[in-house]
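The structure appears below as structure tokens.
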Amino acid sequence: MTKPTLPPGTRDFGPDVVRKRNYIFSTIRNVFERYGFQPLETPAMENIETLMGKYGDEGDKLIFKILNNGLANPEKEELTRKEFEKVLQGKNSKGITERALKYDLTIPFARYVAMNHAQLIFPFKRYQIQPVWRADRPQKGRYREFYQCDADVVGSDSLLNEIELANIYNDAFSQLGIKNYELRINHRKILTALAELCGGAEKMNDIAIAIDKLDKIGLEKVKEELVRKHFSAAQLSVIENYLSIYGTNKEKLSGIKSLLLNNVTGEKGIKELEHLITNCRLVAQNSSLILDFTLARGLNYYTGIIFEATAKDVSIGSIGGGGRYDDLTGLFGVPNIPGVGISFGVDRIYDVMEELSLFPASLQVSTQVLFFNLGDAESNVSFDLMQQLRQKNIRCELYHEKTKFDKQFKYAEKKNIPYVVILGGEEIKNKSCKLKNLAEGKQQDISWNDLLNYSFT
RNA sequence: GUGGCUGUAGCUCAGCUGGUUAGAGCAUCAGAUUGUGGUUCUGAGGGUCGUGGGUUCGAACCCCAUCAGCCACCCCA
């Protein structure tokens, strides 16, 4: 018998952790609901072709594939071997695998919209809180199974959606207590325009990947990487000019305007960003909304404004991201449904909140009242009282066996139970009990009737 | 997929240039204390030193392999 272990990158969540995670989920869910978003759930697994090719080559490698059943069937052995050859060559084979765990929530959502667009009321605003899986190598802040909380609007190209999504980030983070966050924004069309200035829109990916690392590796390394990708000196200087735009959002806007002068694609992007910035009306006076032309984001279906949220006090990578995609459902044969969405990375938000001690202490109180067990006769009375309290929504438990006070007190302490009720033979005679507040160490005699009407806090 | 670091009690770790029976704190359990917890005191249990092999009179320590965990790169939440 070997010690049981977890698959790498997965975790068990104990009671206190689940409480904290649920706190994050319900906070975000409430914000989503308040903005008129509706819940959606999709299966853990999708047909593999629904997912493949949607996340770029790197993404394809990280999709968790599910082995088909019945591969051991001797009648199909010949075929199975042949199919497996394809897998060895790096191809997908439906004979070996035809399903995969979902990689994110956006593509399954697009699949859902494509399948149900005739019934949906547009614009369709949905939120989705579910686990996703990636065959990545785990490390700090990076897991193989993790939750995403997505909110997307499809069927509308109004920038009002971007404005609302930015405000959702602001509301959710401020309610969670993460005051010091940054929401950085950029526009894919600006990146495209830069690529056009450098000789071709097809270079956008190379440029984006390189400049995205600017704050991490510095300008020189970025240039080195671009040289490796065969960019000329002239192109490099264009990119360097682009990267040297700095200042307030306003200053950056005027900088980018002069750089991308007369570029139709770029101008459209600039106009949209300008609209978002001036109309966003974040509670925090826009201080957390930051224009960042180095922001690229990996997912290659984005076409418009892109978002990325980071917590400033904790270096853990982004805690949320999103953007606009013009034609996501086109991949599934239903064209012309534009959309925009954002995602919260709950696991990372958890780590941030833990590090900054932002969880309310009240989350750790599960049971409110512990009834001491002083014997069978006493317990019977306690049990009746306890059931009446439970009817009133007070969370109670009766100690499971008669034992000395020491143990029962320590149990209450360890479980962080704020009140204990002591009810023995003496108390039964007067129809009373002793109610003790453990934190204050104070104890009072109280009638059964008063106990039932006591306001436990 | 590529590279680096670390594996000693349930947890955090000590363990000298290789030397006899591997330690500490916390946690657990019991007692001091059979109707009043948190503090304190006393005691107890708990180890294949990740695993397998090698070198050696002798290995937790050195060598090889292997497994696991962590971190970084790529990419990403």
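What you see is a predicted model, and the numbers here were worked out from it, not measured in a lab. Only this structure's heavy atoms are used, side chains among them; waters, hydrogens and symmetry mates stay out.
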Sequence neighbours excluded - side-chain hydrogen bond (donor to acceptor under 3.5 Å, both in side chains) pairs with any residue from residues 369-378 of chain A: A:N373-A:S379
Could you note down all residue pairs passing salt bridge (charged side-chain N to carboxylate O under 4.0 Å, His left out) where residues 13-32 of chain A supplies at least one of them, sequence neighbours left out? A:K20-A:E354, A:R21-A:D347
Applying salt bridge (charged side-chain N to carboxylate O under 4.0 Å, His left out) as the test, list every pair that has at least one member in residues 434-446 of chain A; sequence neighbours left out. A:E427-A:K434, A:K434-A:D445
What nucleotide among B:U36, B:C75, B:A30 has an atom nearest to a side-chain atom of A:F405? B:U36
Ranking B:C71, B:A77, B:G35 by distance to the side chain of A:S318, first place goes to B:A77
Base, sugar-phosphate, or nothing: which does [X] touch, judged by heavy atoms less than 4.0 Å apart?
X	value
A:K442	nothing
A:G9	nothing
A:G141	base
A:D347	nothing

Going by centres under 5.5 angstrom and planes under 30 degrees, do the aromatic ring of A:F146 and the base ring of B:A77 stack? yes
Less than 4.0 angstrom between a side-chain N/O of A:K407 and OP1 or OP2 of B:U33, yes or no? no
Would you be so kind as to tabulate the donor-acceptor pairs closer than 3.5 Å made by side chains of residues 316-326 of chain A, with sequence neighbours excluded?
unit_1, atom_1, unit_2, atom_2, d
A:R324, NE, A:E162, OE2, 2.5
A:R324, NH1, A:S156, O, 3.2
A:R324, NH2, A:S158, O, 3.3
A:R324, NH2, A:E162, OE1, 3.1
A:R324, NH2, A:E162, OE2, 3.4
A:Y325, OH, A:D152, OD2, 2.4
A:D326, OD1, A:T303, OG1, 3.4
A:D326, OD2, A:T303, OG1, 3.3

Can you find a donor-acceptor N/O pair under 3.5 angstrom joining the side chain of A:R348 to the base of B:C76? yes
Identify, with sequence neighbours excluded, every residue that meets salt bridge (charged side-chain N to carboxylate O under 4.0 Å, His left out) alongside A:E49. A:K94
Secondary structure of RNA chain B per the Watson-Crick/G-U criterion (both distances under 3.5 Å; [ ] crossing, | other strand, . unpaired) is (((((((..((((.....[...)))).(((((.......))))).....(((((..]....))))))))))))....
